[in-house]
Amino acid sequence: MNHEKHNMAIHVFMTVCFVLATSCSRENRLLNRALKAAGNNRHELEFVMDYYRNTDNDEQKLDAARFLISNMPAHYSYASEKMKEFNERSLAILENVTLGPEEQRDSIRFLYNTEYAGEADSLVSDINIMTAGYLISSIDHAFEQWRSGTCNDHVDYEQFKEWLLPYKGAELQPFDDWRGLLSSKYSDSISTFTLLELDSMGTYGAIDVIRNEIHTKNAPTVFWGGDNGPALLDSRCLAAMTYGTCHDYVTMGTLVFRSMGIPAAVDHVPMWGRNHEGHSWFVFLSDRGRTEPTVNSLIMPAGIGFYQYERIPKVWRSCYSINRRVLEYRKKAKYICPFDLCAKDVTAEYGRAYNIDVPLLKNVKIRDGYAYIAMAANMNRPSWKVLDFGKISGKKAHFENMGGQMLYIVLCYDGKELVPASNPFILGKDGKLTMVPSYDGHKVDKDGIVRLRRKYYESYNVVDMRNRLSGGTIECSNTPDFSEYRTVYGIGPVLTSVNINLDGNNVWRCWRYRAPAGSYGSVAEIEMFGAGGTQIFGGKLISSTLNGNDAAFKAFDNDLLSNFETDMPDGNWVGIDYGYPCKVENIRLYPRSDDNDIVPGLDYDLLAWNGNNWVMITAFRARKEYYDAHVPKGVLLWLRCRNRGRNERPFIVDENNDITWW
């Protein structure tokens with residue numbers, strides 16, 4: 001027995017030694033490659049390592065320097081010196097208090113497009129421009145914060161290397177004193193606490209104090225999507241930042257937190273499970289030993305339920321170290337997708353994730369050992385958006401850490417482009433795969449008829465906003481103050497819009513929609529029609545709100561994404577004073593929505609997936625708030641609007657005519 005234990009101990013020892021030797025050898029190879037890639041800048045990096053061997057003899061700092069240098073070739077900065085000038089001029093615009101956030105955004109974007117266009121496209125690897133002085137200063141500052149900090153004493157060395165050590169927290173961030181400048185600007189509140197109080201409040205409390213100070217000093221304005229111009233990552237611009245996307249703000253917040261020695265990072269989902277849009281948020285290492293995610297940029301505190309209604313296919317964390325899996329892929333793949341070389345797959349931290357093997361179609365030519373898993377996305381047309389890669393083994397493609405309750409497809413490289421290599425399939429909540437058959441092209445006039453009302457799934461928010469109309473009334477009067485009025489219609493449950501046909505002598509000067517209690521007045525659009533279905537325009541807009549015409553206008557601006565709504569839950573109404581008795585025969589009300597309902601007058605295409613492409617089933621112009629369509633059952637369908645809107649999702653109609661959105 002003792003002899004067996006001895007042999008086992010020797011085996012374990014030898015295994016550990018082999019792993020350590022392999023790891024060290026791999027790290028040395030990365031370091032040597034980085035130094036070779038540095039070219040004429042190699043002496044700057046060797047000076048840093050010599051400094052920590054001889055001048056400041058600190059083994060841990062030497063190891064940290066080797067870590068930073070080894071992974072440095074994967075990080076980039078602007079190559080053009082003109083970008084420094086652009087940052088200076090942008091800073092002057094950001095500090096101009098006479099301009100609002102949108103005016104600042106437009107001014108900076110115009111400045112770039114007219115005087116610096118293309119300058120942001122020229123990049124250089126940090127390994128070729130890093131100076132010894134900057135890197136040593138950055139390493140020393142990070143170690144001083146870590147070794148003496150109160151909000152990071154739970155962070156071990158390996159975590160420190162990723163979450164606090166890096167000299168930059170975002171690609172294209174310039175080599176400036178971001179730690180000093182940002183910590184100085186946003187430390188007023190946190191500096192009033194004693195060390196004992198900081199230790200008591202923990203990382204969560206410190207993050208929230210700093211987050212509130214950012215809100216107070218910057219009053220962040222989030223512009224969702226769109227072209228905001230090049231990211232302004234100069235620390236002075238960050239400190240003056242008044243606008244940005246979610247990603248801009250979580251990047252800024254992460255840099256502020258790290259500048260004070262608090263471990264934070266940026267996570268992002270390339271697209272939600274039923275939405276072609278992605279999202280970014282910041283996470284931090286709590287002193288409870290957990291990675292805590294936030295929700296909306298810097299708006300919400302941590303601890304709120306993380307997007308309970310969203311389905312999450314894949315989550316990536318922006319790191320400093322190179323992802324060896326992606327590095328190997330870049331070296332071996334014949335077709336290269338632009339996967340982030342320094343992103344870490346953290347999907348499993350956000351829910352149950354599955355490793356799956358997907359059967360491939362037999363008739364597809366495959367010229368590579370890699371396959372790609374993708375989701376349906378509207379990229380100006382129905383398309384498939386690649387999320388990750390996997391390896392092909394035999395007749396199957398293997399993928400890791402995929403979120404469930406979603407629809408995917410496998411794409412492969414055929415020597416020219418990525419082509420469908422599997423049937424679309426649903427990865428269930430239990431990890432099982434259900435393949436979706438392709439439309440075979442048969443005529444559908446004998447198939448079942450399904451009433452289509454939308455081109456995109458109904459979110460909880462859309463349902464809530466529709467319910468806000470229920471209980472409202474249509475009222476008319478001959479005086480603008482409605483001192484005397486008549487109720488002509490009571491609104492019940494709402495599906496897409498409210499179409500009110502009025503009978504009798506409906507000739508009144510003033511008409512209004514009175515919102516039910518608790519609804520905040522929410523309504524997107526009101527349309528008034530006279531004889532023959534002719535829409536009635538003109539008149540003076542009136543409403544209950546003190547904002548008068550400005551608020552009322554949003555209910556009559558022919559824009560379903562602008563809304564009449566107030567800060568008061570009760571007593572709201574909005575309408576028109578025509579100034580003379582006006583006969584109204586029909587009224588249509590639209591609730592606040594995402595503008596993805598079928599809208600009368602717009603043009604639509606109903607498509608089906610045939611295994612290779614989306615093919616036309618039928619095209620129509622909507623005459624009502626719905627369309628009764630002949631559809632094939634059990635296959636993947638897509639309803640497109642040719643006039644407006646990008647939010648569209650595939651769906652399946654089952655034998656009971658029930659629609660499931662994917």
(message) Nearest 0.5 Å, please: how far is CG in Asn501 from CZ in Phe529?
(response)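 Output value for this atom pair is 10.5 Å.
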(message) I need the single residue from Tyr372, Tyr370, Tyr335 that forms a ring-ring contact (aromatic ring centres under 6.0 Å, His included) with Tyr413. Which is it?
(response)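 Considering Tyr372, Tyr370, Tyr335, a ring-ring contact (aromatic ring centres under 6.0 Å, His included) with Tyr413 is found only for Tyr335.
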(message) Can you tell whether the side chains of Asp594 and Arg454 come within less than 4.0 Å, N to carboxylate O?
(response)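 Salt bridge between Asp594 and Arg454, a charged N being under 4.0 Å from a carboxylate O: yes.
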(message) Regarding Asp557 and Lys554, does a basic nitrogen lie under 4.0 Å from an acidic carboxylate oxygen?
(response)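 A salt bridge is absent here (no side-chain N lies under 4.0 Å from a carboxylate O).
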Are [X] and [Y] linked by a side-chain donor-acceptor pair shorter than 3.5 Å?
{"X": "Tyr243", "Y": "Asp248", "result": "no"}
{"X": "Lys455", "Y": "Asn647", "result": "no"}
{"X": "Glu400", "Y": "His398", "result": "yes"}

Assess whether atom [atom1] of [X] is packed by more than 12 heavy atoms of other residues, nucleotides or ligands within 6.0 Å.
{"X": "Lys633", "atom1": "NZ", "result": "yes"}
{"X": "Asn613", "atom1": "CG", "result": "yes"}
{"X": "Arg325", "atom1": "CZ", "result": "yes"}
{"X": "Arg642", "atom1": "CZ", "result": "yes"}
{"X": "Arg381", "atom1": "CZ", "result": "no"}
{"X": "Lys385", "atom1": "NZ", "result": "yes"}

Treating [X] as the side-chain partner and [Y] as the backbone partner, does any N or O pair qualify as donor plus acceptor under 3.5 Å?
{"X": "Tyr354", "Y": "Lys429", "value": "yes"}
{"X": "Thr242", "Y": "Pro101", "value": "no"}
{"X": "Arg274", "Y": "Tyr456", "value": "no"}

(message) Is the shortest side-chain heavy-atom distance between Trp573 and Glu475 below 4.5 Å?
(response)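 Not in contact.
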(request) Compare all side-chain heavy atoms of Ile617 with those of Tyr439 and state whether any distance is below 4.5 angstrom. (result)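 The answer is yes, as the side chains (C-beta and beyond) meet within the 4.5 Å cut-off.
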(message) Could you report the tightest heavy-atom contact between Asn323 and Ala343, atom names first, then the distance?
(response)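 Minimum heavy-atom contact is ND2-O, 2.8 Å.
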(message) Once salt bridge (Lys or Arg N to Asp or Glu O under 4.0 Å) is applied, what residue pairs with a partner in residues 302-317 remain, sequence neighbours excluded?
(response)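 Output for this query lists Asp267-Arg317, Lys314-Asp345, Lys314-Asp388, Arg317-Glu349.
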(message) Phe537: which residues meet the ring-ring contact (aromatic ring centres under 6.0 Å, His included) condition with it, sequence neighbours left out?
(response)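 Phe537 satisfies ring-ring contact (aromatic ring centres under 6.0 Å, His included) with no other residue.
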Parallel, tilted or perpendicular for [X] and [Y], by the 30°/60° rule?
{"X": "Phe620", "Y": "Tyr627", "result": "parallel"}
{"X": "Trp281", "Y": "Trp272", "result": "parallel"}
{"X": "Phe389", "Y": "Phe339", "result": "tilted"}

(request) Could you point out which residue of Ile426, Val358, Asp357, Asn423 forms a side-chain contact (heavy atoms from CB on, under 4.5 Å) with Leu433? (result)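 Answer after filtering Ile426, Val358, Asp357, Asn423: Val358.
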(request) Applying side chain to side chain contact (heavy atoms under 4.5 Å, CB included), run through Val494 and Asn467 and close with a yes or a no. (result) CA-CA 7 Å; Val494 180; Asn467 289 337; over 6 Å; no
(message) If you apply the rule side chain to side chain donor-acceptor pair (under 3.5 Å), what do you find for Ser522 with Arg468, and how did you get there?
(response) CA-CA 7 Å; Ser522 300; Arg468 289 191 183 189; 3.0 Å; yes
